[in-house]
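Working notes for the structure below.
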Amino acid sequence: MASSRRRRIGVVGAVAGIGAAGVGAAVGLRRLAVGRVRLRPDPDADEPFGELRGRPLTVLADDGVPLHVEIDGPDDAPLTLVFSHGYTLNQDAWHFQRRDLPRLRPGEARPRLVFWDQRSHGRSGRSKPTHATIDQTGSDLYAVLRATVRPGAPVVLIGHSMGGMSVMALADRHPELFDGAARAASGKGRKAGKGKSAKPEADGGPRVVGVALMNTSCGDLGQMTLGLPLVLAKVLRPLAPGTLRGLGRQADLVDRARALGADLAFIVTRHMAFADKYVSPTVVDFLEQMIRATPIDVIAEFYPELIAHDKAAALEAIGRVPVLVLSGGEDRLTPCEHGRSIADTLPDAEYVEVGEAGHVLPLEYPGVVTGGVRRLIDRVRLDREERTA
């Protein structure tokens, strides 16, 4: 088993994980507790969540679904970062990274940032239910790359939760994009593998030179407990897909109920997604609103795909480049053991485990995520310099 550089961050007050079905389908009343919560200090009260926008672009997926993309930064930037958000969220989940990564350090060239809404999420178009699959979101990511990154140009892929699974699906379908040729020639990383070309130029695509995966898994999510006692989880686990399908068939009624009664949803989100009792209510609101904006039938369509997801084989291609893996010690949706397993499989992975964090690291530990991405960029640059030396 490959060794990885590991950083463990023990902190008081991070995120607890989001149980996708529980939070995604949460409806009801918030006023029972919100009043007291809102009397507490709110360091993010003035943060313009959902207001940071880039240059818009519509990219058509291979089945014709319009994908909403936004681009920040110069087109001639030496490096592009492409961000893929998680289940039930949208590209605004990367708010802090979008705000902070352009703040340059001395001598640093500004990266180009690309954000997109996964199909049926955010501002992207609705998918056919049969196309609500991880393989399809991997194909969508490929379409976004082809539309936003010039052929042969270097790109770092950053994925949270389902977005990380989309990165794995891309690697599974297009391993030639992952820049392993020079690494194999220099004796670094793994061989290109399976007779497939490691030269993305032949395909006209970009060169993936780095990957960041956070709060994600390469498979075996059917055993997740959502933080419930194991015995209870085993009883409820088989019921979740059927329950969500039933709710999905009454989407209009359920979504009206969600819109009318956001108070319980706020409480459930705060309880399941945040360990810190002093977390900013504005951040809780922001997360809850993103989840509530995702139609219940979309949640129902994607949920079985998350449970059935298995892309362990894709780690071979991803392992050709420097990788950052982040996980939360209290993540109930993608437990930290999944992140450790990914990192241990990869030959050049930095592993960061935030001991008391959960499933929404980009929002609740933005400094850890942004700092990790900056380190990954530094490793990518060093790696490229070593290749050309």
If we only count heavy atoms from C-beta on, is the [X] to [Y] side-chain gap below 4.5 Å?
{"X": "R119", "Y": "L67", "value": "yes"}
{"X": "V209", "Y": "L79", "value": "yes"}
{"X": "C336", "Y": "R340", "value": "yes"}
{"X": "R99", "Y": "E47", "value": "yes"}
{"X": "T80", "Y": "P206", "value": "no"}
{"X": "R98", "Y": "R53", "value": "yes"}
{"X": "P102", "Y": "D72", "value": "no"}
{"X": "R381", "Y": "E108", "value": "yes"}

Taking [Y]'s backbone N and O only, do any of them form a donor-acceptor pair with [X]'s side chain (distance below 3.5 Å, no angle check)?
{"X": "H131", "Y": "T137", "answer": "no"}
{"X": "Y87", "Y": "I299", "answer": "yes"}
{"X": "S161", "Y": "G86", "answer": "no"}
{"X": "E305", "Y": "I134", "answer": "yes"}
{"X": "T148", "Y": "V144", "answer": "yes"}
{"X": "S120", "Y": "S127", "answer": "yes"}
{"X": "R207", "Y": "G152", "answer": "yes"}
{"X": "T334", "Y": "N215", "answer": "yes"}
{"X": "Q97", "Y": "P362", "answer": "yes"}

What distance separates [X] [atom1] from [Y] [atom2], expressed to the nearest 0.5 Å?
{"X": "I318", "Y": "L157", "atom1": "CD1", "atom2": "CG", "answer": "8.5 Å"}
{"X": "L306", "Y": "M165", "atom1": "CG", "atom2": "CE", "answer": "5.0 Å"}
{"X": "L113", "Y": "I158", "atom1": "CG", "atom2": "CD1", "answer": "8.0 Å"}
{"X": "R173", "Y": "S139", "atom1": "CZ", "atom2": "OG", "answer": "4.0 Å"}
{"X": "S217", "Y": "I342", "atom1": "OG", "atom2": "CD1", "answer": "6.0 Å"}
{"X": "D92", "Y": "L287", "atom1": "CG", "atom2": "CG", "answer": "12.0 Å"}

Check: Y365 ring centroid to F96 ring centroid under 6.0 Å: no

Which atom of [X] lies closest to which atom of [Y], heavy atoms considered:
{"X": "A45", "Y": "T282", "answer": "CA-OG1, 3.4 Å"}
{"X": "A349", "Y": "A343", "answer": "CB-O, 3.9 Å"}
{"X": "L315", "Y": "C218", "answer": "CD1-SG, 4.2 Å"}
{"X": "D310", "Y": "A312", "answer": "OD1-N, 3.5 Å"}
{"X": "L141", "Y": "V82", "answer": "CD1-CG1, 3.9 Å"}
{"X": "T58", "Y": "P66", "answer": "CG2-CB, 3.8 Å"}

Charged N-O contact under 4.0 Å between [X] and [Y]:
{"X": "R55", "Y": "D75", "result": "yes"}
{"X": "D378", "Y": "R375", "result": "no"}
{"X": "R126", "Y": "D297", "result": "yes"}
{"X": "D135", "Y": "K311", "result": "yes"}

Intermediate values then yes/no, side chain to side chain contact (heavy atoms under 4.5 Å, CB included), D62 and Q136: CA-CA 9 Å; D62 57 13; Q136 182 63 60; 3.0 Å; yes

Trace of the side chain to side chain contact (heavy atoms under 4.5 Å, CB included) decision for V155 with L81: CA-CA 6 Å; V155 61; L81 313 180; over 6 Å; no

Polar side chain donor-acceptor pair, [X] to [Y], under 3.5 angstrom:
{"X": "Y351", "Y": "S327", "result": "yes"}
{"X": "Q118", "Y": "S166", "result": "yes"}
{"X": "S84", "Y": "W116", "result": "yes"}
{"X": "D117", "Y": "N90", "result": "no"}

L52-V283 co-clustered via ILVMFWY side chain contacts under 4.5 Å: no

Identified ring-ring contact (aromatic ring centres under 6.0 Å, His included) partner of H85 from the options H68, H95, H121: H121

L213 and L326: CA distance, side-chain angles, deciding distance, side chain to side chain contact (heavy atoms under 4.5 Å, CB included) verdict: CA-CA 6 Å; L213 302 171; L326 301 100; over 6 Å; no

Check against side-chain hydrogen bond (donor to acceptor under 3.5 Å, both in side chains), T216 and H338: CA-CA 7 Å; T216 195; H338 291 246; over 6 Å; no

Residue of the set T370, V369, V373 for which side chain to side chain contact (heavy atoms under 4.5 Å, CB included) holds with D100: T370

Criterion side chain to side chain contact (heavy atoms under 4.5 Å, CB included) on V208 and D179, from CA distance to verdict: CA-CA 6 Å; V208 177; D179 195 16; 5.9 Å; no

Results of ring pair (Phe, Tyr, Trp, His ring centres under 6.0 Å) for F83 - residues two or more places apart only: W94, F115

Which residues share a side-chain hydrogen bond (donor to acceptor under 3.5 Å, both in side chains) with D44, sequence neighbours left out: none

